[in-house]
A.B. asks: 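Would you mind keeping the following structure in view while I ask a few things?
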Amino acid sequence: MPTVSPSLLLKHCRLPDDSPQVSPVDIAIAADKIVAIAPQLDLSAPTVIEVAGSLVSPPFVESHIHLDSALTAGQPRVNQSGTLFEGIEIWRDRKQALDFDDVCQRAMQALKQQASQGILYVRTHADVSEASLTALKALLSVREAVKDWMTLQVVAFPQDGLYGSPDSADLLEEALRLGTDVVGGIPHYELTREDGVRSVQRIFALATQYDRLIDIHCDEIDDDQSRFLEVVAACALRSGLGSRVTASHTTAFASYNNAYALKLMGLLRRSQINFIANPLINITLQGRTDTYPKRRGVTRVKELWQSGLNVSLGHDCIQDPWYSLGTGNMLDVASMAVHVCQMTGQDEIQACYDMITTQGAKTLNIADGYGIEVGKPANLIVLDAESPQAAIRDRATVKAVISRGQILAETTPPRLSWYL
Ligand SMILES: [Zn+2]
């Protein structure tokens, strides 16, 4: 029993890894910590939530989003081809009009939308290809503004490449000096393969020098010759940075021949890097140059998971030049992964839920403070579902979001009335 009296009590909670036979538990929270978990806690608290057997989960983790471009779809024009490269061109025009307040206001709106749907951990990329570093400075200030209720990691992301223009590499380093959590890159978009390899080496040198995590947009193309993933994995292995390194997208991996993929998988297992797949976006962007058969364009999520590698899922875009749809709901992302990656077995659907929760926390290197356990920070969500599988199936409403022991947001699930 806790020695301090709880401030908040959740009654009859079903946890994500419970079998249906296990009785629900009560969870007691004091200040910002979980202080007790047991089937029948004989405790009272000023605020009691009767969960009545619903799923209570650690919060969702959004491990890959671009908040600087969020909520700009159609500005200055719509992406007619639907390709990644037209998206980059449109963003190049839109970012000329970027100012600090514009980025802060849209990022804050997107973060509130995410938090209301159960996300309390976000890794956002910030485009650092403009000399003013406006997007980056704005997102660093948003990180500070939300820190009491949301953990936001900012990646310095050179959208136009490190060696595409003379100043890009210096801007990336300046972004690290300003305090980004993570260093990023985009080797498949560099002018030559050699520049791509050089960019990965430079990113690892900077990460070591400034003691930062790495998250690289890697091989986001249908070109089966785009092979920067092996470079990232080899650098991770040699540098010992391992699980501090993430390869995002890696869609070309879905186009590699199986002989090469098998050899690569051995290197990936040794490297212990993390993977982020963005199935909503890559099922949409990839395969655009194919006729039929048309590729799905999402990396080998199921095989990476079966190999014991850490895979998490991201939304990538919310209403921006690459994707005019999206609401920030991680259950949409998990549902798309279930479908596109053909992970329809019960344990596979559970794995897709883990990819938006515990595995996302591993990617962000925050696993120590994450999860529903006594002594951990009181961050949890109550879903209108009895299991992770049902939550994905129904895109369940997140009824309550609790951040640092405080109720941050509540949503009442829709109620249907029939008049037949
Ligand atoms: Zn991205």
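Whatever order the structure lists ligands and atoms in, that order sets their numbers, starting from 1. Sequential numbering from 1 along the given sequence is applied to the chain's residues.
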A.B. asks: Check this for me: does any side-chain nitrogen of one of Asp68 and Lys95 sit under 4.0 Å from a carboxylate oxygen of the other?
C.D. replies: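 Between Lys95 and Asp68 there is no salt bridge, as every charged N stays at least 4.0 Å from the carboxylate O atoms.
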A.B. asks: What number of protein N, O or S atoms occur at distances under 2.8 Å from the Zn ion (ligand 1)?
C.D. replies: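 Step by step: take the Zn ion (ligand 1), keep protein N, O, S below 2.8 Å, and you get 4.
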A.B. asks: Tell me if the aromatic rings of His188 and His217 count as close, with their centers under 6.0 Å from one another.
C.D. replies: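 Centroid distance His188-His217: not below 6.0 Å, so no.
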A.B. asks: Kindly assign one of parallel, tilted or perpendicular to the pair His66 and His64, based on the angle between their ring planes and the thresholds 30° and 60°.
C.D. replies: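 Tilted: the ring planes of His66 and His64 meet at 30° to 60°.
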A.B. asks: Give me the atom names and distance for the closest heavy-atom approach of Ala175 to Ala156.
C.D. replies: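 Minimum heavy-atom separation between Ala175 and Ala156: CB-CB, 3.7 Å.
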A.B. asks: Is Arg193 positioned over the aromatic face of Phe228, cation under 6.0 angstrom from the ring centre and no more than 45 degrees off axis?
C.D. replies: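 Yes.
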A.B. asks: Going by the rule salt bridge (Lys or Arg N to Asp or Glu O under 4.0 Å), which residues pair with Arg123 if we only count those two or more places apart in sequence or in a different chain?
C.D. replies: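 Here the qualifying residues are Asp215.
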